[in-house]
Engineer: 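The structure is given below, and queries will be raised subsequently.
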Amino acid sequence: LIVKYFGKSLLPVLSPSSMENISVSSANFPGWIVASIDTPLYMAECLVHEASHNLLYALSRDSALFEGKSEALYYSPWRPDPRPVDGLLHACFVFSNVIELYKNIASRADGLGYQSRIRLGAEIMRVLIGLDSLSGCDSLTENGVYILDYLYARVERTSAEHLHILTESDRLQIEEHLSAYRRGMG
């Protein structure tokens, strides 16, 4: 349903290379998703991801999620650079919805189910780390804290059922990403 209501228009674009995918949404263009066309699983993830951004843009237009403009930066398990609070909250929010997509596909006995199971464990771990990064943020409004608490509860429930499928190589890659960030900060 999230794509139905918050991904009303798709503008396909060519990717600059076969090794790179493009997807973007903007608070200035509600409901629009710009994306390069790819495999069915990538497209499903892309649409859920960008529609989730559009939903959070809509929520933040109606009710502030942050107080003022914080200069603080937080560790992001998806990127090499630290992120502002709004960027990390967006990432946690959209990937929590991607987790739901993977969870729904993971029970399939085909290649999509297999790929979803592999990605599911890694994204659960990343979202939990991202949420932990935000846990000490003092610029979240009451509504921002509500969303953070909701995401924790939702992803922790899923974690209890599905984190065991995290591959050892994904776990090590995610832990190395965090260690590299910490080394760079020290």
Engineer: State, without any angle test, whether Asp132 and Tyr152 hold a side-chain donor-acceptor pair at a distance under 3.5 Å.
Structural biologist: yes
Engineer: Using a 4.5 Å cut-off on heavy atoms from C-beta on, say whether the side chain of Ile124 contacts that of Leu166.
Structural biologist: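 No, their side chains stay 4.5 Å or more apart.
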Engineer: Specify the closest pair of heavy atoms between Ser139 and Val85, including all atoms of both residues, with the distance to one decimal.
Structural biologist: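 Shortest heavy-atom contact: OG-CG1, 3.8 Å.
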Engineer: Starting from the C-alpha separation in whole Å, work towards a yes-or-no answer on side-chain contact (heavy atoms from CB on, under 4.5 Å) for Val127 and Thr158.
Structural biologist: CA-CA 11 Å; Val127 170; Thr158 302; over 6 Å; no
Engineer: What's the spacing between Ile22 CD1 and Asp38 CG if we round to 0.5 Å?
Structural biologist: 11.0 Å
Engineer: Do Tyr5 and Asn54 come within less than 4.5 Å of each other through their side chains, counting heavy atoms only?
Structural biologist: no
Engineer: If you group Ile, Leu, Val, Met, Phe, Trp and Tyr by side-chain heavy-atom gaps below 4.5 Å, do Met43 and Trp32 land in one group?
Structural biologist: no
Engineer: Is there a side-chain contact between Asp86 and Leu65 (heavy atoms, below 4.5 Å)?
Structural biologist: no
Engineer: Taking atom OG of Ser116 and atom CG of Asn104, what is their separation to the nearest 0.5 Å?
Structural biologist: 9.5 Å
Engineer: Over 60° means perpendicular and under 30° means parallel, so classify the ring planes of His53 and His90, tilted if in between.
Structural biologist: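 Ring orientation, 0 to 90° scale: parallel.
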Engineer: If hydrophobic clusters are built by linking Ile, Leu, Val, Met, Phe, Trp and Tyr wherever their side-chain heavy atoms come under 4.5 Å apart, do Tyr150 and Leu101 end up in the same one?
Structural biologist: yes
Engineer: Which distance, rounded to the nearest 0.5 Å, do you find between the CD of Gln115 and the OH of Tyr102?
Structural biologist: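 It comes to 9.0 Å.
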Engineer: With clusters defined by side-chain heavy atoms of hydrophobic residues (ILVMFWY) lying less than 4.5 Å apart, directly or transitively, does Ile118 cluster with Leu128?
Structural biologist: no
Engineer: Is there a side-chain contact (heavy atoms from CB on, under 4.5 Å) between Arg126 and His177? Walk through the geometry before answering.
Structural biologist: CA-CA 10 Å; Arg126 285 186 184 104; His177 187 271; over 6 Å; no
Engineer: Using side-chain contact (heavy atoms from CB on, under 4.5 Å), reason through Leu89 and Phe66 one step at a time and then give a plain yes or no.
Structural biologist: CA-CA 10 Å; Leu89 185 62; Phe66 318 101; 3.7 Å; yes
Engineer: If hydrophobic clusters are built by linking Ile, Leu, Val, Met, Phe, Trp and Tyr wherever their side-chain heavy atoms come under 4.5 Å apart, do Leu151 and Val145 end up in the same one?
Structural biologist: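 They do share one cluster, since a chain of ILVMFWY contacts under 4.5 Å joins Leu151 to Val145.
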Engineer: Hydrophobic clusters here meaning ILVMFWY residues chained together by side-chain heavy-atom distances under 4.5 Å, can you tell me if Leu178 and Ile174 are in one?
Structural biologist: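 Yes, it is one cluster - the side chains of Leu178 and Ile174 are joined through contacts under 4.5 Å.
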Engineer: Tell me whether Ser15 contacts the main-chain N or O of Ser36 through its side chain, where contact means a donor paired with an acceptor under 3.5 Å.
Structural biologist: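 Not confirmed, Ser15 side chain does not pair with Ser36 backbone.
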Engineer: How long is the straight-line distance from OG of Ser60 back to CG of Asn143, given to the nearest 0.5 Å?
Structural biologist: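 Result: 10.5 Å between the selected atoms.
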Engineer: Heavy atoms only: give me the nearest Tyr57-Ser26 pair and the separation to one decimal.
Structural biologist: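 Closest pair (atom of Tyr57, atom of Ser26, distance): CE1-C, 3.5 Å.
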Engineer: Name the residue from Leu47, Val94, Val3 that meets the side-chain contact (heavy atoms from CB on, under 4.5 Å) definition with Ser52.
Structural biologist: Val94
Engineer: In terms of ring plane angle, is the pair Phe95 and Trp78 parallel, tilted or perpendicular, where the classes change at 30° and 60°?
Structural biologist: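 The rings of Phe95 and Trp78 lie parallel, inter-plane angle below 30°.
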Engineer: Checking Ile33 against Leu11 for the side-chain contact (heavy atoms from CB on, under 4.5 Å) test, could you report, in this order, the C-alpha distance in whole Å, the side-chain angles of both residues, the deciding distance, and whether it holds?
Structural biologist: CA-CA 6 Å; Ile33 296 172; Leu11 177 61; over 6 Å; no
Engineer: Pro84 versus Leu73: any side-chain heavy-atom pair under 4.5 Å?
Structural biologist: yes
Engineer: Measuring only between side-chain heavy atoms, which start at C-beta, is Ser133 closer than 4.5 Å to Leu88?
Structural biologist: yes
Engineer: Should the pair Arg183-Glu176 be classified as a salt bridge under the 4.0 Å nitrogen-to-oxygen rule?
Structural biologist: yes
Engineer: If you look at every heavy atom in Leu120 and Ala106, which pair is closest and at what distance?
Structural biologist: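 Scanning both residues, the minimum pair turns out to be CD2-CB, 4.4 Å.
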Engineer: Do Asp81 and Arg83 have side chains that approach each other closer than 4.5 Å (heavy atoms only, starting at C-beta)?
Structural biologist: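 They are in contact (side-chain heavy atoms under 4.5 Å apart), so the answer is yes.
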Engineer: Please identify which of these residues, His162, Arg117, Glu123, meets the side-chain contact (heavy atoms from CB on, under 4.5 Å) condition with Lys103.
Structural biologist: His162
Engineer: Could you pull out the closest heavy-atom pair between Ala51 and Phe6, with the gap in Å?
Structural biologist: O-CB, 3.4 Å
Engineer: Between CZ of Arg61 and CG of Leu56, what distance do you get to the nearest 0.5 Å?
Structural biologist: 10.0 Å
Engineer: Quick one: CD1 on Ile129 to CG on Leu134, what's the gap to the nearest 0.5 Å?
Structural biologist: 12.5 Å
Engineer: Between Tyr42 and His49, is the ring centre distance below 6.0 Å?
Structural biologist: no
